[in-house]
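Report on the following structure.
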Amino acid sequence: MAKQVQIKYTQLFIDNEFVDAVSGRKFSTVNPSNGKVIAEIAEGDKADVDKAVEAAKRAFNRNSKWRKMNPYIRGQLMHKFADLVTRDLEYIATLETLDNGKTYASAVEDVQASVATLRYYAGWCDKIQGSTIPTGDTSVTFTRKEPVGVVGQIIPWNYPFLMLVWKWGPALATGCTLVLKPAEQTPLSALYAAALAKEAGFPAGVVNIIPGYGPTAGAAIAEHPEINKVAFTGSTEVGHAVMAASAKSNLKRVSLELGGKSPLVIFDDADVKEAAGIAHNAIFGNHGQNCCAGSRTFVHSKIYDEFVKQAKQLALNRKVGDPFDSKTDQGPQIDQEMLDKVIGLINSGKQQGAVVQAGGIRHGDTGYFVQPTVFSNVTDEMKIAKEEIFGPVQAILKFDTMDEVIERANRTNYGLASGVITKNINKALEFAQAVEAGSVWVNCYDAVTPQTPFGGFKQSGIGRELGEEGLNEYLEIKTVSINVTKSN
Ligand code: ADP
């Protein structure tokens with residue numbers, strides 16, 4: 001049963017205060033399990049983004065409390081924030097399940113991963129070092145790594161709290177100030193994060209949250225002349241728009257984490273049952289609403305039939321329903337639009353001749369549930385093999401040789417992630433070296449940790465999040481050259 005939970009914050013968060021939108025407008029956030037409105041949320045747009053940027057600029061002023069703060073203390077603030085997230089873990093996970101529909105157990109995992117990410121970046125605050133560069137005896141040259149300034153952050157609805165933390169971690173560790181727009185489908189946990197940031201003691205204006213829609217609030221961030229960098233996670237289509245907005249406005253730095261159609265390749269020496277389990281989790285995790293989902297399952301022809309049998313059984317075993325029920329594996333998709341999109345792509349798979357092994361239709365008639373779906377006999381030119389479905393749909397393709405599968409795996413504009421399952425180290429490494437993807441998982445999938453860089457080749461993105469590389473997106477390098485005059 002859905003837990004009863006009080007929604008504490010529904011307004012924009014600017015300069016450490018919760019305020020209404022300038023326009024006074026509100027929008028509904030909906031529970032995807034039943035389509036009912038959870039709360040009315042203040043709807044920010046350009047006027048509110050402008051106010052938030054002013055606050056973020058004040059907080060980034062050269063003489064501000066934030067700028068003068070010892071980086072060690074900045075790290076302590078981040079740890080304090082992580083303490084508060086830990087204190088309220090159950091509440092945040094409940095908000096997340098209510099607003100997003102993910103199972104409560106996976107919401108708890110997301111919040112735990114968020115705490116780990118915050119603590120990882122907290123540790124970096126006083127370790128962001130420049131270097132000294134040899135330029136000869138008559139000069140001394142060193143570099144400083146300085147915060148890029150006011151950053152705009154636009155995040156999606158699939159991991160609302162975790163994506164916020166992926167964005168906040170490096171921004172705060174480097175000493176930036178920020179304006180974040182959560183997805184319109186899932187504003188609740190971001191507003192709660194704002195309250196915790198204030199409680200932790202972050203100075204006013206360091207973090208600002210503007211819930212609202214993409215073409216209004218999101219575009220206002222992407223176009224803003226005084227935002228120095230924008231970090232975006234979402235669709236490739238909107239990624240193009242964000243980059244164009246940067247080009248048209250002030251050439252703000254852009255980092256993009258976009259879509260994927262990631263290949264997971266299973267060789268014939270694999271333990272089929274184990275491989276089917278990895279492949280199942282790779283696609284069905286988070287209801288398929290995962291940018292790095294293993295959405296093209298390539299299986300060697302020698303084990304193909306056996307693999308399909310196992311994959312089918314795993315999908316049939318998957319329990320769909322109330323995400324607050326601890327027995328549930330899969331809750332609803334995020335909204336009607338995504339439900340329609342997923343069902344549309346499933347229908348295209350049927351029409352183009354793929355064979356439905358499991359599912360293939362909507363689950364129930366309330367909320368946005370889809371039956372875990374497995375397609376066999378999928379070929380490369382089918383829409384379900386080419387387009388990002390972002391739903392619980394496994395497409396199983398057949399291959400024979402290494403060269404063939406590498407070529408087919410790379411025949412896409414995406415390049416976010418990939419996986420390979422084999423006991424043969426040479427095969428694993430040959431694939432790892434040849435695949436065009438930002439992550440390669442060998443005999444596992446989704447092995448993402450705070451210290452491992454994550455991001456895409458090709459149209460899956462620009463830049464990297466997490467790890468030390470994630471910091472670079474928020475830093476400017478300044479080279480200081482000093483002339484040394486010989487004495488006497
Ligand atoms: P998804 O398909 O996952 O919903 P989107 O790319 O549509 O991905 O949305 C991701 C985020 O981008 C959301 O916060 C959304 O509001 C925002 N967004 C959508 N359109 C725009 C836009 N034109 N400019 C800036 N942000 C946008």
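In this text, all values refer to a predicted model and were calculated from it rather than measured experimentally. Indexing begins at 1, ligand by ligand and atom by atom, following the structure's order.
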Item to check | Contact check, Ala219 vs ligand 1, heavy-atom distance below 4.0 Å | outcome: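 Judged by the 4.0 Å heavy-atom criterion, Ala219 does count as contacting ligand 1.
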Next on the checklist: In this structure, does ligand 1 have an atom that sits under 4.0 Å from one of the heavy atoms of Trp157?
Outcome noted: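 Checking ligand 1 against Trp157, which is what was asked, there is a heavy-atom contact under 4.0 Å.
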Tell me whether [X] has any N or O atom under 3.5 angstrom from an N or O of ligand 1.
{"X": "Thr233", "value": "no"}
{"X": "Tyr213", "value": "no"}
{"X": "Val238", "value": "no"}

Next on the checklist: Applying a heavy-atom cut-off of 4.0 Å, say which part of Ser235 lies close to ligand 1: side chain, backbone, both or neither.
Outcome noted: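 For Ser235, the contact with ligand 1 is made by both the backbone and the side chain.
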Item to check | ligand 1 contact on Glu237 by region, counting heavy-atom pairs under 4.0 Å | outcome: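 Under 4.0 Å from ligand 1, Glu237 contributes no heavy atoms.
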What protein heavy atom sits nearest [atom], and how far off is it?
{"atom": "atom 17 (C) of ligand 1", "result": "Ile154 CG2, 3.6 Å"}
{"atom": "atom 15 (C) of ligand 1", "result": "Glu184 OE1, 3.6 Å"}
{"atom": "atom 12 (O) of ligand 1", "result": "Phe232 CE1, 3.1 Å"}
{"atom": "atom 14 (O) of ligand 1", "result": "Ile155 O, 2.8 Å"}
{"atom": "atom 26 (N) of ligand 1", "result": "Gly218 CA, 3.6 Å"}

Item to check | atom 9 (O) of ligand 1 touched by protein heavy atom at under 4.0 Å | outcome: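 Given the 4.0 Å limit, the answer for atom 9 (O) of ligand 1 is no, no protein heavy atom qualifies.
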Item to check | Euclidean distance, Thr297 OG1 relative to Ile396 CD1, rounded to 0.5 Å | outcome: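 With rounding to 0.5 Å, CD1 (Ile396) is 5.5 Å from OG1 (Thr297).
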Item to check | Matching residue for Trp168 among Tyr474, Phe81, Phe161 - test: ring pair (Phe, Tyr, Trp, His ring centres under 6.0 Å) | outcome: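 Among the candidates, only Phe81 passes.
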Next on the checklist: Just checking Lys46: does its NZ atom have more than 12 heavy atoms from other residues, nucleotides or ligands closer to it than 6.0 angstrom?
Outcome noted: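 No - once you tally the heavy atoms of other residues, nucleotides and ligands closer than 6.0 Å, there are 12 at most.
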Next on the checklist: I'd like to know whether CD of Glu237 has more than 12 heavy-atom contacts from other residues, nucleotides or ligands below 6.0 angstrom.
Outcome noted: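 Atom CD in Glu237 is not packed in, count stays at 12 or less.
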Checklist entry - With side chains defined as the heavy atoms from C-beta onward, is the minimum distance between Glu465 and Glu257 less than 4.5 Å? => result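 Yes, their side chains come closer than 4.5 Å.
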Next on the checklist: Would you say that Leu89 contacts Val108 through its side chain, given a criterion of any heavy-atom pair below 4.5 Å between the two side chains?
Outcome noted: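 When only atoms from C-beta onward are counted, Val108 and Leu89 do touch, with a gap below 4.5 Å.
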Just jot down the ligand 1 atoms closer than 4.0 angstrom to any heavy atom of [X], in number order.
{"X": "Lys181", "result": "13 (C), 14 (O), 15 (C), 16 (O)"}
{"X": "Ala183", "result": "14 (O)"}
{"X": "Gly214", "result": "16 (O), 17 (C), 18 (N), 19 (C), 20 (N), 21 (C), 22 (C), 24 (N), 25 (C), 26 (N), 27 (C)"}

Checklist entry - Quick one: does NZ or CZ of Arg362 land under 6.0 Å from the six-membered ring centre of Phe369, within 45 degrees of the ring axis? => result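 Cation-pi check for Arg362 and Phe369: fails.
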Checklist entry - Regarding Lys350 and the six-membered ring of Phe375, is the cationic atom NZ or CZ under 6.0 Å from the ring centre and inside 45° of its axis? => result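 The answer is no; the distance or angle limit is not met.
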Next on the checklist: Go through it in stages, so that I can follow the logic: the residues are Asn100 and Gln185, the test is side-chain contact (heavy atoms from CB on, under 4.5 Å), and I'd like the CA-CA distance, side-chain angles, deciding distance and then a yes or no.
Outcome noted: CA-CA 7 Å; Asn100 166 281; Gln185 296 90 341; over 6 Å; no
Item to check | Test side chain to side chain contact (heavy atoms under 4.5 Å, CB included) applied to Leu172 and Leu118, Val207, Val165, Thr177, the passing residue | outcome: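 Result: among Leu118, Val207, Val165, Thr177, Val207 is the only option passing the side chain to side chain contact (heavy atoms under 4.5 Å, CB included) with Leu172.
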